[in-house]
Amino acid sequence: MAWQPEEAPIRELAGYLKDSLNRYNQVAQRHASEMLQQASLSPNINNYLCYILVHPNPPPDMAVAEYHVVRCSAGVLLKNNILASGRTLEPAFIEYIKSELLLGLRDPHHQIRNYTGNVITELLRIGGVMSWTDMLTQLISLVENTDGNTTPETQEGAMGALLKVCQDSKDELDEEYDGHRPLNILIPKFLLFTQHPVPKVRMQALEIINIYLPMKTQSILVHIDTLIDSLFRLGNDADTGVRREVCRALVHLVDIRADKIAPHMEGIVDYMLTQQKNTEEQDLALDAAEFWLTVGEHEHLRIGLGPYLSEIVPILLASMVYSEEDRARLGGGGDDADVEDRAEDIRPNFAKSKQRLPNGESVEVFDHRKKSNGKTPGEEALDDLSDGEIDEDYDSEDDAYAGMDDPEDRWNLRKCSAAALDVLATVFHQSVFETILPYLKENIRHPEWPYREAAVLALGAVADGCLDGVVPHLPDLIPYLISLLDDPEPLVRQITCWTLGRYSRWASHLENPADKQKYFEPMMGGILNKMLDGNKRVQEAGASAFANLEEQSKDLLKPYIEPIVRQFVVAMGRYKDRNMFILYDCIQTLAEHVGSILAEKPLVDILMPALINRWKLVKDDSRELFPLLECLSYVATALGREFAPFAGPIFLRCINIIHQNLELQMAYNNDRALDQPDKDFLVTSLDLLSAVIQALDSTSAELVSGTTPPFFQLLTVCMADPSNDVKQSSYALLGDCAIYVFEQLHPFLPNVMDLLIQQLEIQSLSEADSDTGYSVVNNACWSCGEIALKQGSGMAPYVEKLYNRLVKIIQTPEIPSSVTENAAVALGRLGIGSCDELAPHLESFAYPFLDALQKVAETDEKDTALKGFCMVVGRNPEAMESCLVPFFRAIARYKHASPELSALFRQTLIGYKSFITDFDLFMSAIPAPDREALKSRYAI
C-alpha cells in the first residue's frame, strides 16, 4: 500500500520549520532546529517534506502566508537531504516523491514551482536521467499544454525545471543509451518552444540552446539553420530576456558557425547596435556588446566590421560613461585609506605554480580555478587589461564575488565596451583612432567628471592598437594626464593611473634623455605618488599601474630603484589588507626585472625589515600568505646570498606550514566532517623553499638537513599528493634539490625515483586535468634530468623504466612542446651515466630525440643532453643509419658547444668519416650551409 501522511506529524514538522526561521525568538529557533535534527532520523522525513512542499493547504493553526514560507523551507531541506543521501535513498520514497512532485509545478506561487524544479533536478542528477525517463516527457507535455488545461504559470514551471535539468545534466543528456540520445529528441522540442506564447518559456528554451551551442554537439548542429531562422524571428521579441538570449546565441555562433553569420553581418551589426543603445536594459546592452569582442577576435569575421566602425565605436564610447546609478553610488568618494577593509572586500587569491622550461627558467602557471568556463569572451579579452580598471579575478559563476555591492567589481557594460574598443583598435588601428579623436578632443577636458573619466578610459583602451596614431599627441596628453592624477574625483584619478600605465612603455623607451626626463620621470613619479592616495581604490589603481610600468620598463628602472623601494615600504605600512595583495605584485615584479641590483646592502636594509615585519604579522591560515610567499620567492631569487640572514626562520616556517597542512589533510581523510585544508598553502610554501634553495645554492644544505620532520620525508608526501598543483611545485623543488643539495637528497633516491617514474606515465592522465597534469609531467621530466646529471651511473636501477616512459613522451604527438623538450633533455642526460644500457634502444629514440631538441635554445641543459646522446651513439653507431643526416645537421647548427661537447662532436664526426665508405657522397645530402659549418668547426 502506498505511503500516506498523517496529520499530526505534518502539523509538528510545519511548526518546527516555521520556528526555525524565527529570528526574533532565539529560544524557539534553537529548539526547532534541535527537533528538526531529530526528525531527520525518521525514515519518512523526506516524504513529509515533499508533502508540505507540494500541498498548499496549511495546518489549522497556521496562516497561509506563514505556510508558504514553511513550504519553501521544506523544499530547500528536501533538496539538501537528497544531495546528502545520494544513491542511498529508499526506493519507496523515490516512488512517492515522483508521484507527487508534478503537483508542485502546478502551484500558483513562483517560488514553490522553483523549489520543485530544484528537487526534480537533484533527483535526476543523483540517479541519472535514465532513472526517471518519463519525467522529461511529462515536463515537455506540461510545456506543450497537451491536456489543454495547463496554466501559463505551470508551463513556466515545467520549462524552468527542464532548464535546471539541462544545466545540471547537460553531458548526460548528450550520451547514447541503447542507441538513443535524449538530446536528439529534446533539441527539436526546445526549438519549437522558441515560438511558445509564454515569454519566459521562449527565453528559457533559448537559454537551454545556449547551454549546448558552445559544446558543439551534433544534436544541435544539425538544426543550425532552424535555429538561425528562430533567432531572426525572435530578434524583435517584446521580451527583454528573449532578446538577451538571441544576442548570446549569435555570439556563440561566431565561434561555432561563422559561415552562417557572415552573410547576415550588416543586419546583425544593426541589431546589436540597437540592443546596445537600450541603456535602460544594461544586461541586454552588455550581451550585445559581447558581440564586438567575439567578432573582433575572429580571424575571418573581424575584417567585416570595418565598414561599420563609424557606427560601432560611438556606441562603445557612449557605453563607457558611468550610468546615473553608478555615478550616484561611486562618484564623489572621499578619503578612506584609514578605514579597515571588510572581509568580503578582499578578493579571492589563488596560488600560481611554476613550470620549468628546458632552458632552466621557470614560468608561472595560473591556478586552473581562475580559468573557469564562467568567463564570457569579453572577460577573457579583458585579462589583457590592467587591474586598475579591470578585475581579472572576476568569475561570473562565483556568486559571492559577483554579488559584491561595488559595480566596479563586476563585469559590466562599461568594461565590456572598453575591451571591445581595445580589440577593435588592435584590428583596425588608425581607423579606430580617427573615429575616437573628435570624441577625445571634446571630452578629455570636459567639466563634468563622468565624461572626462570616460575619455581617459577610451584613450587607455586604444593604447596598444592605436599607439602610432596616438604618439604625435602624447607630448601634450601625458602632462595633462599627469595633472589629472590630482583630479578632485577619485574615479578620474583611478582611471588616469590605469591609462598612464598603458603608455608607460612609450615613455620608458624614449631615447632622448631630455624627453625621458620630461615625460617618463613625471609619469613614474605621479603613479608612484598615487600609490599613497587617500582613496583606497586610487591606491590600488596606482599600484597596479606601477606594476604595469615595471613590466614595460624592466631594467630601465635601475637608476630609480631606491625611491621606488622607499615608496613601497611606506605603502606597506599604510595599506589595508586588500591593497597589500597588489603591493606584493609590485615588489615581486621589481625584483624580477632589476634582479641582483636589489641585493645592494642599502636597498636590502630598506626593503627586508618591512617585508619580514609583514611576514611576522600574517598568520599561517591567512590567504594573504599566498601572495606574500610568492613575493618572497622573487625577492629571494633577486637577493641571492644576501637573503641568507632572513632565510632560516622563513625556511622553517614553510616546513611547518607544509607539515600542518599535510596533517590536516590526513585528519580530513579520516573524517570528512572536518574542513579540507587549502592546498594553496602547500603550493606557495614549496615554491618559496625552491627560491630559498636557489638563492643560497649549496649553502642551503644546512637548512635542508636541520628540519623536523625531515625535509625529504615531507617532499615525498607532497610528490604523491592528489593535487596536480602541489605535485607541480613538488617536482620543481625536487629538481632544485638535485642541483644544489644532491648530497642530502641522495639517501632518499629510491623512494623519490619510484614516485617520479610513476608520474612520467602519461597514459594515466585524465582528459579533465590534462593541462595541469602535463605541467606536473613537465617538472618531473626536468627534475629527472637534473638527478640523472648528478647520479650518473647510479641511475642503472631505473634506466629501463625511465627509458620506456621518456621515449613514450617524446614519441607522442600533441603533447606540449616544453614537456617533450624536457623529456628529451632527461633522456639525453641519462645517457651520460647509462650509455651502455640505452645503446640497444638508440634506433628507436634517436629521431624523436633530435626532433624534440631542435628548437631548444643552446643552454647547459641542451649541451649535456647532447653529450649523453653522443656517448650512446658511440656505443651503437650503426643504429643511426636512418637519421644520420639530421644528426649531422644538429651538430652543424649548434654554434656554442662547450669544450667537452665540442670534443665529442669532433670524435663522433671523425668516427663516422672512417666508418662510411663514400663519405663525400653522404655529405652531399646535407645542405650546403650545414656542410660549411661542419668543415669550418670540425675540419671534416
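Residues: numbered from 1 along the sequence shown. All values reported here derive from a predicted model rather than from experimental measurement.
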Point to revise | NZ or CZ of R71 within 45° of Y115 ring axis and under 6.0 Å | key: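 Relative to the ring axis of Y115, which defines the angle, R71 lies outside at least one limit.
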Check your understanding: Name the one of I112, V54, I120, N114 that satisfies side chain to side chain contact (heavy atoms under 4.5 Å, CB included) with L105?
Key ->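 Checked I112, V54, I120, N114 against L105; only one passes side chain to side chain contact (heavy atoms under 4.5 Å, CB included): I120.
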Review point. Which residue pairs pass the salt bridge (Lys or Arg N to Asp or Glu O under 4.0 Å) test when at least one of the two sits in residues 226-242, sequence neighbours left out?
Key: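 For residues 226-242: R202-D237.
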Practice item. Can you establish whether the number of heavy atoms outside Y308 located under 6.0 Å from its atom OH is more than 12? Key: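 More than 12 heavy atoms, drawn from other residues, nucleotides or ligands, come within 6.0 Å of this atom.
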**Study point:** Nearest heavy-atom neighbours spanning A285 and Q276
**Key:**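 Looks like CB-O, 3.6 Å.
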Review point. Do the charged groups of R243 and E281 touch, with an N to O distance under 4.0 Å?
Key: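 Salt bridge absent between R243 and E281.
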Point to revise | Closest non-hydrogen atom pair, V222 against S219 | key: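 Distance-wise, the nearest heavy atoms are CG2-O, 3.7 Å.
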**Study point:** E290 vs W411, side chain to side chain donor-acceptor pair (under 3.5 Å): CA-CA, chis, key distance, verdict
**Key:** CA-CA 11 Å; E290 291 277 4; W411 179 243; 2.9 Å; yes
Exercise for review: Might you confirm whether atom CD of E266 has over 12 heavy atoms from other residues, nucleotides or ligands at distances under 6.0 Å?
Suggested key: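 Incorrect, the count does not exceed 12.
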Point to revise | Given V313, L421, D422, T426, the one that forms side chain to side chain contact (heavy atoms under 4.5 Å, CB included) with V462 | key: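 Among V313, L421, D422, T426, the one meeting side chain to side chain contact (heavy atoms under 4.5 Å, CB included) with V462 is L421.
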Practice item. Identify the two heavy atoms, one from G75 and one from L53, that lie closest to each other, and give their separation to 0.1 Å. Key: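 Looks like CA-CD1, 3.9 Å.
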Review point. Can you name the residues that form a salt bridge (Lys or Arg N to Asp or Glu O under 4.0 Å) with R244, not counting sequence neighbours?
Key: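 R244 satisfies salt bridge (Lys or Arg N to Asp or Glu O under 4.0 Å) with D283, D287 once adjacent residues are dropped.
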Exercise for review: Please confirm whether the backbone N or O of S141 pairs with a side-chain atom of T146, one donor and one acceptor, at under 3.5 Å?
Suggested key: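 Yes; at least one donor-acceptor contact below 3.5 Å.
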Review point. Do the non-hydrogen side-chain atoms of H110 and K200 ever get within less than 4.5 Å of each other?
Key: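 Result yes, sub-4.5 Å side-chain heavy-atom pair found.
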Exercise for review: Would you kindly check if the NZ (Lys) or CZ (Arg) of R302 is within the cone defined by 45 degrees around the ring axis of F291 and under 6.0 Å from the six-membered ring centre?
Suggested key: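 Geometry flag: not set, cation outside 6.0 Å or 45°.
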